[in-house]
**Q** 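Structure below; questions to follow.
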Amino acid sequence: MRKDFVIIVAGGTGTRMRNETPKQFLEINKIPVIVLCINKFLKCKPSIHVIIAVHPAFKKELAIICKKHFPKKEIQITAGGDTRYQSVKNALALITTENGVVGIHDAARPFVAIDVIKNCFTIAAKKGNAIPSITLFESVRKASDKRNKAVDRNKFKIIQTPQCFNIKLIKKAFTKRYSPTFTDDATVLESIGEKINLVQGNYENIKITNPNDLIIAKAYVNHDK
């Protein structure tokens with residue numbers, strides 16, 4: 001039987017939110033963002049193994065939150081690194097099997113659709129990876145210091161998470177030396193010559209980054225009731 005894991009990357013410290021509380025611990029209708037996030041995966045796959053990479057300063061706080069909201073679920077917590085790459089690598093080290101699928105998800109994306117999660121895991125099991133993406137609706141221009149020009153938006157996609165991978169393949173990719181070009185986990189896999197499979201994401205799957213995002217997030221939570 002296939003083993004499924006999810007690594008939730010929660011290494012932020014609240015800088016861009018201009019808040020002492022990291023965005024993953026902010027509450028929406030009295031529920032921490034990271035709890036909303038974990039709930040999505042447990043609703044989709046109750047037996048999924050959950051691993052969270054968090055800034056070392058917040059490991060204790062996260063452990064308290066997990067114990068309160070998921071008293072019967074064993075959730076592994078590891079220290080995040082200076083980069084997303086290192087945080088994911090630390091979490092991957094806790095997975096001892098190479099047979100199965102691991103999803104890597106941003107803690108600040110609590111509104112991923114359950115159907116998207118299911119599809120990503122299913123496609124990754126068949127093809128080695130699955131990366132959710134959505135189409136651009138706005139016009140796009142390529143800008144440099146001296147000029148800018150319109151580009152075809154149909155040639156571009158917005159990339160989301162969970163990015164799902166065959167465990168053996170992604171572990172192999174993360175043995176490579178870190179590069180600034182690794183903007184997400186798909187780029188790490190791509191660096192060892194693997195083709196990336198894009199699948200349909202959902203537009204509600206926003207990444208809570210700025211204070212204004214919380215206004216949208218509260219609307220989504222109320223809509224889900």
Side-chain angles (χ1 to χ4, degrees), residues 2-10 12 17 23-53 65-66 69-70 73 75 84 88 91 100-138 153-154 156-167 170 183-187 189 196-210 212-225:
R2 190 184 84 205
K3 286 189 176 181
D4 289 335
F5 296 79
V6 60
I7 292 171
I8 298 177
V9 186
M17 289 294 292
K23 54 196 173 188
Q24 59 268 25
F25 297 132
L26 293 174
E27 294 188 349
I28 302 176
N29 290 0
K30 300 183 179 179
I31 303 174
V33 167
I34 196 163
V35 171
L36 293 170
C37 200
I38 295 169
N39 270 330
K40 279 295 178 76
F41 286 89
L42 293 182
K43 285 180 181 178
C44 178
K45 296 174 175 289
S47 63
I48 198 168
H49 300 270
V50 180
I51 303 170
I52 306 174
I65 289 172
C66 289
H69 291 273
F70 309 101
K73 181 70 177 177
I75 295 176
R84 178 191 180 88
V88 173
V101 173
V102 57
I104 305 174
H105 189 65
D106 299 321
R109 290 187 187 271
F111 304 113
V112 57
I114 289 177
D115 285 347
V116 170
I117 297 173
K118 288 181 179 177
N119 191 40
C120 285
F121 274 84
T122 299
I123 298 299
K126 294 178 180 177
K127 297 185 176 182
N129 69 82
I131 313 301
S133 66
I134 55 175
T135 301
L136 285 163
F137 288 129
E138 293 87 354
R153 66 187 177 197
N154 294 315
F156 297 88
K157 295 283 187 180
I158 296 173
I159 302 302
Q160 303 179 327
T161 66
Q163 299 185 2
C164 295
F165 307 92
N166 170 280
I167 293 172
I170 197 65
T183 55
D184 63 359
D185 313 297
T187 53
L189 185 69
I196 300 303
N197 302 303
L198 297 182
V199 299
Q200 182 62 45
N202 65 291
Y203 286 90
E204 299 84 4
N205 188 15
I206 62 169
K207 186 176 183 180
I208 299 173
T209 305
N210 301 304
N212 285 346
D213 295 331
L214 283 175
I215 299 172
I216 300 170
K218 289 175 182 177
Y220 282 151
V221 168
N222 290 331
H223 179 71
D224 282 344
K225 288 182 178 179

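Below, each value reflects all heavy atoms present in this structure, side chains not excepted, and no hydrogens, waters or symmetry copies.
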**Q** Side chains of I206 and Y220, heavy atoms from C-beta outward: is any pair under 4.5 Å?
**A** yes
**Q** State, with a plain yes or no, whether a side-chain heavy atom of I117 is found less than 4.5 Å away from one of V6.
**A** no
**Q** Quick one: CD1 on I31 to CG on N39, what's the gap to the nearest 0.5 Å?
**A** 7.5 Å
**Q** Are the side chains of F111 and V221 in contact, using a 4.5 Å heavy-atom criterion?
**A** yes
**Q** Go through the steps to decide whether I215 and N212 satisfy the test side-chain contact (heavy atoms from CB on, under 4.5 Å), and finish with yes or no.
**A** CA-CA 5 Å; I215 299 172; N212 285 346; 4.2 Å; yes
**Q** Where do I123 and N119 land on the side-chain contact (heavy atoms from CB on, under 4.5 Å) test, with the steps shown first?
**A** CA-CA 6 Å; I123 298 299; N119 191 40; 3.6 Å; yes
**Q** With rounding to the nearest 0.5 angstrom, report the OG to NZ distance, S47 to K73.
**A** 6.5 Å
**Q** Looking at K23 and D106, does any basic side-chain N land under 4.0 Å from a carboxylate oxygen?
**A** no
**Q** F121 vs F41 aromatic rings, parallel, tilted or perpendicular, using cut-offs 30° and 60°?
**A** perpendicular
**Q** Between T187 and D184, does any side-chain donor sit less than 3.5 Å from a side-chain acceptor?
**A** yes
**Q** When you look at D185 and I7, which way does the side-chain contact (heavy atoms from CB on, under 4.5 Å) test go after all the steps?
**A** CA-CA 11 Å; D185 313 297; I7 292 171; over 6 Å; no
**Q** Between A186 and I196, which heavy-atom pair has the shortest distance, and what is it?
**A** O-CD1, 3.5 Å
**Q** What distance separates E27 CD from L36 CG, expressed to the nearest 0.5 Å?
**A** 10.0 Å
**Q** What heavy-atom pair brings H105 and P162 nearest, and what distance separates the two atoms?
**A** ND1-N, 3.2 Å
**Q** Any non-hydrogen side-chain atom of I170 less than 4.5 Å from a side-chain atom of V102?
**A** yes
**Q** Please report the interatomic distance CD1(I75) to CD1(I38), rounded to the nearest 0.5 Å.
**A** 4.5 Å
**Q** Assess whether side-chain contact (heavy atoms from CB on, under 4.5 Å) is satisfied between K3 and V101, documenting all intermediate values.
**A** CA-CA 7 Å; K3 286 189 176 181; V101 173; over 6 Å; no
**Q** Distance from N210 atom CG to I216 atom CD1, nearest 0.5 Å?
**A** 10.0 Å
**Q** Using atom types as modelled and distance alone, determine if a side-chain donor or acceptor of Q24 lies under 3.5 Å from a backbone N or O of A107.
**A** no
**Q** Can you check whether F165's main-chain N or O pairs, donor with acceptor, with N129's side chain at less than 3.5 Å?
**A** no
**Q** Just verifying a value: how many Å separate Y203 OH and I158 CD1, rounded to the nearest 0.5 Å?
**A** 7.5 Å
**Q** What are the two closest heavy atoms between K157 and T135, and how far apart are they?
**A** NZ-OG1, 3.1 Å
**Q** Please name the pair of heavy atoms, one in I104 and one in T161, separated by the smallest distance, quoted to 0.1 Å.
**A** O-CB, 3.5 Å
**Q** Under 4.5 Å between any side-chain heavy atoms of I114 and K40, yes or no?
**A** yes
**Q** Would you say R153's side chain and F137's backbone share a donor-acceptor pair under 3.5 angstrom?
**A** yes
**Q** Can you list the steps and then say if D213 with K207 is a salt bridge (Lys or Arg N to Asp or Glu O under 4.0 Å)?
**A** CA-CA 8 Å; D213 295 331; K207 186 176 183 180; over 6 Å; no
**Q** Check whether any side-chain heavy atom of V50 lies under 4.5 Å from a side-chain heavy atom of C66, and answer yes or no.
**A** no
**Q** Taking all heavy atoms of R2 and all of A125, pick out the closest pair and write down the distance.
**A** NH1-CB, 3.2 Å
**Q** Work out which heavy atom in I134 is nearest to a heavy atom in G201; give both atom names and the distance.
**A** CG2-C, 3.8 Å
